[in-house]
Amino acid sequence: MFILPKLNYDYDALEPYVDAKTMEIHYSKHHQTYIDNLNNVLGKYPTLQRMSGEEIVKNLNTLEVSEEDRKKIRNHGGGFVNHSLFWEMMAPKKEVDEKLLTNITATFGSLDEFKKLFTAAATSQFGSGWAWLVTDENNQLKVYSTANQDSPLTLGHTPLIALDVWEHAYYLKYQNRRGDYIENWWNVLKLI
Ligand code: MN
């Protein structure tokens with residue numbers, strides 16, 4: 001049985017960039033529902049219950065499950081793992097990862113160039129999804145977006161920075177203004 005991971009800050013800690021009501025609903029309702037649905041699917045697969053959420057998502061394509069259940073695990077397992085990571089990388093105060101910052105600058109030329117690329121990926125993701133900074137199979141930094149709850153882990157990549165661009169992540173405060181949400185979000189990204 002997977003459970004909601006602890007949130008290391010209060011719902012209002014990321015105000016005014018991410019509002020308290022959005023945090024509360026996003027964490028206690030949306031994230032919880034992904035976990036409940038994942039637990040439901042895994043009910044008939046005792047072997048999978050002994051794996052971590054990350055391992056399940058990483059091995060999604062080779063799990064011994066029905067195709068219908070693979071689709072459910074893709075959506076709800078992805079939702080579980082992606083949100084767990086998302087809460088972790090936000091904070092009211094910066095705790096800059098100097099090594100990551102150095103790698104970003106070396107790969108993309110500057111922090112600003114990286115932010116431009118990442119923002120473009122987040123803005124142009126059509127419909128629901130996520131923007132990512134990952135290390136790929138050759139340990140190179142890459143920026144891209146995925147649809148729905150698809151995780152870079154399934155592609156063999158390691159996610160370093162994640163941004164949820166589902167409407168549920170911003171609609172209460174920003175309505176249709178995804179661009180404003182993305183621009184403000186850099187203020188609560190802890191790592192850079
Ligand atoms: Mn979400």
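We count ligands from 1, going down the list as the structure has it; atoms in each ligand are counted the same way. Values in this document were obtained by computation on a predicted structure and should not be read as measured data.
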Less than 6.0 angstrom separating the ring centers of H83 and W130, yes or no? yes
Restricting to N/O/S, name the atom of H83 that gets closest to the Mn ion (ligand 1). NE2
Can you say whether the rings of F114 and F108 are parallel (under 30°), tilted (30 to 60°) or perpendicular (over 60°)? tilted
Are the side chains of T146 and S151 in touch, meaning some heavy atoms are under 4.5 Å apart? no
For the Mn ion (ligand 1), give me the closest N/O/S atom belonging to D164, just the atom name. OD2
Pair D164, Y170: side-chain N/O donor-acceptor within cut-off below 3.5 Å: no
Vertex the Mn ion (ligand 1), ends H26/NE2 and H168/NE2: angle to nearest 10° comes to 100°
Between H30 and the Mn ion (ligand 1), is there a contact where an N/O/S atom of the residue lies under 2.8 Å from the metal? no
